[in-house]
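Numbers here simply count residues along the sequence, with the first being 1.
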Amino acid sequence: MLVVGLTGGIATGKSSVSSILKAHNVPIIDADIIAREVVMPGTPGLRKIVKTFGEDVLLPDGSLDRKKLGSIIFPDETKRKQLNSIVHPAVRKAMLWAVVKCWVRGEKWCVLDVPLLIEGPLWKLVGLVVVVYCSPEVQLQRLMLRDNSNETDASARLNSQIPITKKIEYADIVIDNSGTKDELEAKVTAFIEKMNKGTGGLRWLMSWIVPPIGLISALWTLGWRNMFSRRIKRE
């Protein structure tokens with residue numbers, strides 16, 4: 001089974017691409033949804049957060065008070081790292097199990113929808129990296145329109161992230177979302193058709209029936225990714 005990593009930048013349209021994929025019954029593993037699930041009441045993740053930051057980060061119903069937690073971690077890098085050390089491993093574990101479930105169901109490919117795929121860097125652990133792109137100028141205008149923000153505030157948010165032009169250096173496939181919704185729909189549909197044709201056949205069947213074949217293929221991919229990572233760092 002091929003694991004595809006989907007990412008982009010703020011306001012580039014990654015969520016729109018993910019929605020189109022889901023509408024075509026492509027299995028989507030959404031990192032944002034999983035990040036909420038791993039800190040729900042009764043989870044080990046929430047218990048660790050309470051142990052680290054105190055009972056004040058809970059709402060009266062026992063759920064996480066995200067606003068309160070945010071006020072604690074955003075001004076303090078050390079506390080942000082503490083939170084990340086709790087949440088990130090739980091998210092990665094849940095995503096791994098979601099991938100395994102897709103494989104057990106006999107899916108030919110699935111998509112990891114991860115906003116910070118490059119920053120993670122989870123991109124090293126997927127077989128194909130897809131980046132949703134639009135020009136920085138279009139990105140800025142869309143962000144201002146979406147959030148009803150001024151250019152200064154929108155630019156500050158964009159500057160806090162890896163530039164989208166840098167992210168496409170890691171991409172195997174770039175979906176350009178500089179045009180209309182209809183154009184994006186056509187591009188994503190063509191991508192799905194290409195993936196469906198390229199992920200079936202004897203190779204997929206053998207890797208599903210004989211797990212060691214799939215494991216060898218995965219290890220080969222990881223090795224290639226790490227070589228690619230070192231090349232980018234040198235450049």
Side-chain angles (χ1 to χ4, degrees), residues 3-19 21-22 26-105 107 110-126 129 131-132 143 146-149 153-154 156-162 167 170 218 222 225 229:
V3 179
V4 177
L6 175 68
T7 194
I10 186 171
T12 61
K14 177 188 66 64
S15 296
S16 297
V17 171
S18 185
S19 296
L21 291 169
K22 191 177 297 183
V26 175
I28 303 291
I29 301 169
D30 192 320
D32 284 341
I33 292 175
I34 291 176
R36 298 187 196 102
E37 293 175 346
V38 299
V39 295
M40 291 178 67
T43 60
L46 184 57
R47 288 195 292 269
K48 290 179 182 178
I49 288 174
V50 172
K51 183 178 180 180
T52 303
F53 298 100
E55 297 280 347
D56 288 344
V57 298
L58 292 178
L59 292 168
D61 64 359
S63 61
L64 182 63
D65 187 337
R66 296 179 182 277
K67 185 176 180 180
K68 176 66 176 180
L69 182 60
S71 68
I72 295 172
I73 66 165
F74 286 134
D76 191 322
E77 183 179 357
T78 299
K79 290 180 179 178
R80 285 201 304 274
K81 289 181 178 179
Q82 285 180 306
L83 179 63
N84 289 340
S85 70
I86 295 170
V87 176
H88 289 181
V91 170
R92 287 194 291 266
K93 182 179 178 180
M95 291 179 71
L96 174 61
W97 277 113
V99 170
V100 170
K101 289 177 182 178
C102 287
W103 176 78
V104 170
R105 292 199 307 265
E107 303 287 358
C110 68
V111 173
L112 298 184
D113 182 344
V114 186
L116 301 180
L117 184 76
I118 307 302
E119 295 88 334
L122 287 174
W123 68 275
K124 296 179 183 179
L125 304 179
V126 301
V129 174
V131 174
V132 183
L143 182 59
R146 190 191 74 181
D147 295 350
N148 193 29
S149 58
D153 291 342
R157 290 194 65 186
L158 289 178
N159 292 335
S160 69
Q161 297 187 339
I162 294 179
K167 285 190 175 184
Y170 295 80
L222 293 180
R225 288 289 182 205
S229 174

**Asked** Does the pair Lys93 and Val38 meet the rule for a side-chain contact (heavy atoms from CB on, under 4.5 Å), with working shown?
**Response** CA-CA 10 Å; Lys93 182 179 178 180; Val38 299; over 6 Å; no

**Request:** Decide yes or no on side-chain contact (heavy atoms from CB on, under 4.5 Å) for Val4 and Val26, but give the supporting numbers first.
**Result:** CA-CA 11 Å; Val4 177; Val26 175; over 6 Å; no

**Request:** Could you check Arg92 against Leu122 for side-chain contact (heavy atoms from CB on, under 4.5 Å), going step by step and ending with a plain yes or no?
**Result:** CA-CA 9 Å; Arg92 287 194 291 266; Leu122 287 174; 3.8 Å; yes

**Request:** Begin from the C-alpha positions of Val39 and Arg66 and carry the test side-chain contact (heavy atoms from CB on, under 4.5 Å) through to its verdict.
**Result:** CA-CA 10 Å; Val39 295; Arg66 296 179 182 277; 3.6 Å; yes

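Between Ile86 and Pro89 the shortest heavy-atom distance is O-CD, 3.7 Å. Between Ala31 and Pro115, the shortest heavy-atom contact is CB-CD, 4.4 Å. When all heavy atoms are compared, the tightest approach of Trp123 to Ile118 is CD1-O, 3.6 Å. Closest of all the heavy-atom pairs between Ala154 and Ser149 is CB-OG, 3.7 Å. Minimum interatomic distance between Ile73 and Arg80 (heavy atoms only, all atoms of both residues): O-CG, 2.8 Å.
The shortest distance between side-chain heavy atoms of Arg105 and Pro27 falls below 4.5 Å. With contacts defined as side-chain heavy-atom distances shorter than 4.5 Å, the pair Asp113/Asp30 qualifies.
The CG atom of Leu112 sits 10.5 Å away from atom OG of Ser18, with the distance rounded to the nearest 0.5 Å. In this structure, CD1 on Ile29 lies 6.5 Å from CD1 on Ile34, to the nearest 0.5 angstrom. Distance check, rounded to the nearest 0.5 Å: NZ of Lys14 to CG of Leu117 gives 10.0 Å. Considering CE of Met95 and SG of Cys110, their distance stands at 9.0 Å, rounded to 0.5 Å. Interatomic distance, Lys79 NZ to Leu69 CG, rounded to the nearest 0.5 Å: 10.5 Å. If you take CD1 on Ile33 and CD1 on Ile28, they are separated by 10.0 Å, rounding to the nearest 0.5 Å.
In this structure, the side chain of Thr7 engages the main chain of Val114 through a donor-acceptor pair within 3.5 Å.
Within 6.0 Å of CG on Asn148 lie no more than 12 heavy atoms contributed by other residues, nucleotides or ligands.
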Name each donor-acceptor pair under 3.5 Å that joins a side chain in residues 46-60 to protein atoms two or more places apart or in another chain, with its distance.
residue	atom	partner	partner atom	Å
Arg47	NH1	Gly42	O	2.9
Thr52	OG1	Lys48	O	2.9

